[in-house]
**Student:** 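Supplied in structure tokens, the structure appears directly below.
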Amino acid sequence: MIPRTYGQVGKPVRFKGTAYDFGHAISAIEFSLDDGEHWTRYETPDTNDYQNLTWTFDYTPEKAGFYVLRIRSVNDAGDVSPESAFAELEVSE
């Protein structure tokens, strides 16, 4: 089941999660709100290959509607997650 979050226009919504890649450090987390066409990257320095990475992403919706946030990790070898995670956001006025 994909987690659904509810929000309001102009008010920040916080998403949280955990990333890990056994044998590799997570070097970045990427987020997309357009079905993976464009990704916003946040570097995660000072991680190591035996550490889970807890991330947060704050988004302030500008209009009402239904959004799907895709999330993926990038490891220190430059490989991205084979499948991205999803979170649904329903925004009202």
Side-chain angles (χ1 to χ4, degrees):
M1 174 182 265
I2 296 174
R4 181 169 290 187
T5 301
Y6 298 90
Q8 289 185 306
V9 171
K11 295 186 178 181
V13 176
R14 175 164 282 183
F15 297 91
K16 294 174 155 184
T18 302
Y20 53 89
D21 186 346
F22 298 110
H24 290 280
I26 301 297
S27 60
I29 300 292
E30 296 182 331
F31 303 94
S32 176
L33 281 164
D34 61 5
D35 200 31
E37 188 172 330
H38 301 93
W39 293 90
T40 300
R41 178 182 285 226
Y42 293 92
E43 301 296 327
T44 56
D46 304 321
T47 60
N48 53 56
D49 63 350
Y50 58 86
Q51 174 182 26
N52 289 347
L53 175 76
T54 301
W55 56 263
T56 60
F57 178 75
D58 294 325
Y59 174 68
T60 302
E62 297 178 4
K63 61 182 181 176
F66 179 77
Y67 300 84
V68 176
L69 175 67
R70 294 179 70 170
I71 307 107
R72 67 184 185 186
S73 63
V74 181
N75 70 21
D76 57 3
D79 298 324
V80 298
S81 304
E83 291 188 32
S84 56
F86 296 86
E88 295 179 342
L89 173 61
E90 191 170 325
V91 178
S92 61
E93 289 290 330

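Atom set for the values below is all heavy atoms of this structure, side chains included, hydrogens, waters and symmetry mates excluded. Residue numbers count from 1 along this sequence.
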**Student:** If we ignore hydrogens and angles and just use 3.5 Å, is the side chain of Ser81 paired with the main-chain N or O of Ser73 as donor and acceptor?
**Tutor:** yes
**Student:** Verify, without hydrogens or angle tests, whether Arg41 (side chain) and Glu30 (backbone) share a donor-acceptor contact under 3.5 angstrom.
**Tutor:** no
**Student:** Please report the closest heavy-atom contact between Phe66 and Arg4, naming both atoms and the distance.
**Tutor:** CE1-NH2, 3.3 Å
**Student:** Among residues at least two apart in sequence or on other chains, which ones pass ring-ring contact (aromatic ring centres under 6.0 Å, His included) with Phe31?
**Tutor:** Tyr42, Trp55, Phe57
**Student:** If you measure from CG on Asp58 to NZ on Lys16, what distance do you get to the nearest 0.5 Å?
**Tutor:** 10.0 Å
**Student:** Please report the closest heavy-atom contact between Gln51 and Asp46, naming both atoms and the distance.
**Tutor:** OE1-O, 4.0 Å
**Student:** Can you list everything that forms a side-chain hydrogen bond (donor to acceptor under 3.5 Å, both in side chains) with Ser32? Sequence neighbours excluded, please.
**Tutor:** Asp34
**Student:** Okay, side chain of Ser27, backbone of Asn75: is any donor-acceptor separation there less than 3.5 Å?
**Tutor:** yes
**Student:** Tell me, with the steps shown, if Val9 and Val91 meet side chain to side chain contact (heavy atoms under 4.5 Å, CB included).
**Tutor:** CA-CA 6 Å; Val9 171; Val91 178; 3.7 Å; yes
**Student:** Can you tell me how far CD of Glu43 sits from CD1 of Ile29, rounded to the nearest 0.5 angstrom?
**Tutor:** 10.5 Å
**Student:** Might you work through the side chain to side chain contact (heavy atoms under 4.5 Å, CB included) test for Phe15 and Leu69, ending with a clear yes or no?
**Tutor:** CA-CA 9 Å; Phe15 297 91; Leu69 175 67; 3.7 Å; yes
**Student:** If you measure from CG on Asn48 to NE2 on His24, what distance do you get to the nearest 0.5 Å?
**Tutor:** 13.5 Å
**Student:** Could you point out which residue of Asp76, Leu53, Val74 forms a side chain to side chain contact (heavy atoms under 4.5 Å, CB included) with Thr44?
**Tutor:** Leu53
**Student:** Please say whether more than 12 non-hydrogen atoms of neighbouring residues, nucleotides or ligands are located less than 6.0 Å from OH in Tyr50.
**Tutor:** no
**Student:** Report yes if the side chains of Trp39 and Val80 come closer than 4.5 Å at any heavy-atom pair, otherwise no.
**Tutor:** no
**Student:** Do other residues, nucleotides or ligands put more than 12 heavy atoms under 6.0 Å from the CD atom of Glu83?
**Tutor:** no
**Student:** Give the minimum heavy-atom separation between Asp21 and Ile26, together with the two atoms involved.
**Tutor:** CB-CD1, 3.7 Å
**Student:** Is it the case that more than 12 heavy atoms not belonging to Tyr20 sit under 6.0 Å from its OH atom?
**Tutor:** no
